Amino acid sequence: MLLKAAIIHRGGEIRQKGQKQTIGFDSCVRKALTESDIKFISDEQALTLQTINGLRDAAQHHLLALSEQHLYVHSQAGLTLFRDLLKSVFAKELADEMPCRVLPISTTIPTDIATLFDREVAEIKTLLKPGGRRQVEASAKLRGLAILETSIQGEKIQPGDGELRKLATRIKGALEGDVLN
């Protein structure tokens with residue numbers, strides 16, 4: 001809704017001629033990123049939006065498990081993006097629109113994305129150890145990492161079960177001493 005409001009505020013259209021429905025999320029991101037008279041997001045902000053939307057889709061339609069650190073990264077990125085867009089498009093400060101208080105999102109703040117990835121992979125390795133029978137949990141955690149990875153690569157697809165199995169196999173191979181590519 002913020003993207004649609006910003007597009008309208010910048011003089012753009014959110015309804016295609018002859019259509020009953022307004023444009024969808026992906027079209028909003030494209031307009032906000034590429035239409036010169038409307039442009040109000042950067043490539044990095046588009047990546048953040050696509051990652052959060054991919055995780056939302058996965059949570060809605062699949063089994064998804066995110067660690068507190070993983071959730072924190074995306075929650076903080078989303079809040080920061082909302083604040084930045086509110087200021088750059090509407091010239092409003094988020095702090096003027098909401099109470100100024102700190103909300104405890106997580107008690108363990110991640111240091112950086114690489115460390116987060118390493119910790120998540122280590123936890124998945126533990127779930128995949130022989131005899132653990134925790135494949136479903138491992139797959140749910142893998143989905144979140146796969147969405148992050150594909151978003152970074154510029155793709156907007158949900159990983160399928162086959163892709164998750166391949167990732168699990170690669171991680172199992174790393175457990176057995178193979179190199180994870």
Side-chain angles (χ1 to χ4, degrees), residues 1-120 140-159:
M1 296 308 294
L2 179 65
L3 295 177
K4 288 180 181 181
I7 290 168
I8 291 170
H9 187 74
R10 294 275 174 119
E13 297 288 328
I14 60 168
R15 189 180 310 275
Q16 295 176 339
K17 291 188 191 283
Q19 297 294 315
K20 292 181 181 181
Q21 300 290 329
T22 59
I23 60 175
F25 177 80
D26 289 333
S27 294
C28 285
V29 172
R30 269 194 307 282
K31 276 182 174 275
L33 182 62
T34 62
E35 290 190 16
S36 60
D37 53 334
I38 296 172
K39 184 175 171 56
F40 57 89
I41 63 172
S42 67
D43 289 340
E44 183 179 275
Q45 289 172 322
L47 173 65
T48 298
L49 287 166
Q50 290 169 337
T51 301
I52 292 171
N53 189 55
L55 291 169
R56 186 216 63 86
D57 284 349
Q60 186 70 27
H61 303 290
H62 305 282
L63 183 59
L64 176 70
L66 297 178
S67 68
E68 286 298 313
Q69 295 81 17
H70 198 165
L71 181 60
Y72 175 87
V73 166
H74 299 300
S75 298
Q76 185 61 54
L79 182 62
T80 300
L81 177 58
F82 187 89
R83 180 204 63 202
D84 293 348
L85 293 180
L86 196 61
K87 184 172 185 166
S88 68
V89 175
F90 300 101
K92 292 185 177 237
E93 294 290 336
L94 184 59
D96 294 340
E97 304 298 322
M98 293 180 66
C100 293
R101 64 174 62 106
V102 175
L103 299 175
I105 294 174
S106 179
T107 58
T108 55
I109 299 170
T111 54
D112 61 58
I113 200 76
T115 303
L116 169 67
F117 238 85
D118 291 344
R119 285 182 183 161
E120 293 285 307
K141 285 192 116 2
L142 274 170
R143 186 175 301 281
L145 290 180
I147 289 167
L148 178 58
E149 183 178 21
T150 57
S151 293
I152 289 170
Q153 294 171 358
E155 298 175 25
K156 295 178 278 188
I157 58 169
Q158 285 290 327

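Note that the structure is a prediction, hence the values are computed from the model and not measured.
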For the [atom1] atom of [X] and the [atom2] atom of [Y], what is their distance to the nearest 0.5 Å?
X: Leu49; Y: Leu85; atom1: CG; atom2: CG; result: 7.0 Å
X: Phe82; Y: Met98; atom1: CZ; atom2: CE; result: 8.0 Å
X: Gln69; Y: Glu120; atom1: CD; atom2: CD; result: 7.0 Å
X: Met1; Y: Cys28; atom1: CE; atom2: SG; result: 9.0 Å
X: Asp57; Y: Ile52; atom1: CG; atom2: CD1; result: 12.5 Å
X: His9; Y: Leu2; atom1: NE2; atom2: CG; result: 11.0 Å

Do [X] and [Y] have side chains that get closer than 4.5 Å, going by heavy atoms?
X: Leu3; Y: Lys31; answer: no
X: Leu33; Y: Lys39; answer: yes
X: Arg10; Y: Asp37; answer: no
X: Gln50; Y: Asn53; answer: no
X: Leu94; Y: Leu79; answer: yes

Shortest non-hydrogen contact between [X] and [Y], atoms and distance:
X: Leu64; Y: Ala58; result: CD2-CB, 4.1 Å
X: Pro159; Y: Ile147; result: CD-CG1, 3.8 Å
X: Ile14; Y: Ile7; result: CG2-CG2, 3.8 Å
X: Ser27; Y: Arg30; result: OG-NH2, 3.1 Å
X: Ala46; Y: Val29; result: CB-CG1, 3.9 Å
X: Val89; Y: Ala6; result: CG1-CB, 3.7 Å

Sidechain-backbone polar pair: Arg143 side chain, Ala65 backbone, donor-acceptor under 3.5 Å: no
Are a donor atom and an acceptor atom from the side chains of Thr80 and Arg83 found within less than 3.5 Å of each other? no
Taking everything shown except [X] itself, do over 12 heavy atoms lie less than 6.0 Å from its [atom1]?
X: Glu97; atom1: CD; answer: yes
X: Gln16; atom1: CD; answer: no
X: Gln19; atom1: CD; answer: yes
X: Gln158; atom1: CD; answer: yes
X: Lys92; atom1: NZ; answer: no

Applying side-chain contact (heavy atoms from CB on, under 4.5 Å), run through His74 and Thr51 and close with a yes or a no. CA-CA 8 Å; His74 299 300; Thr51 301; 3.4 Å; yes
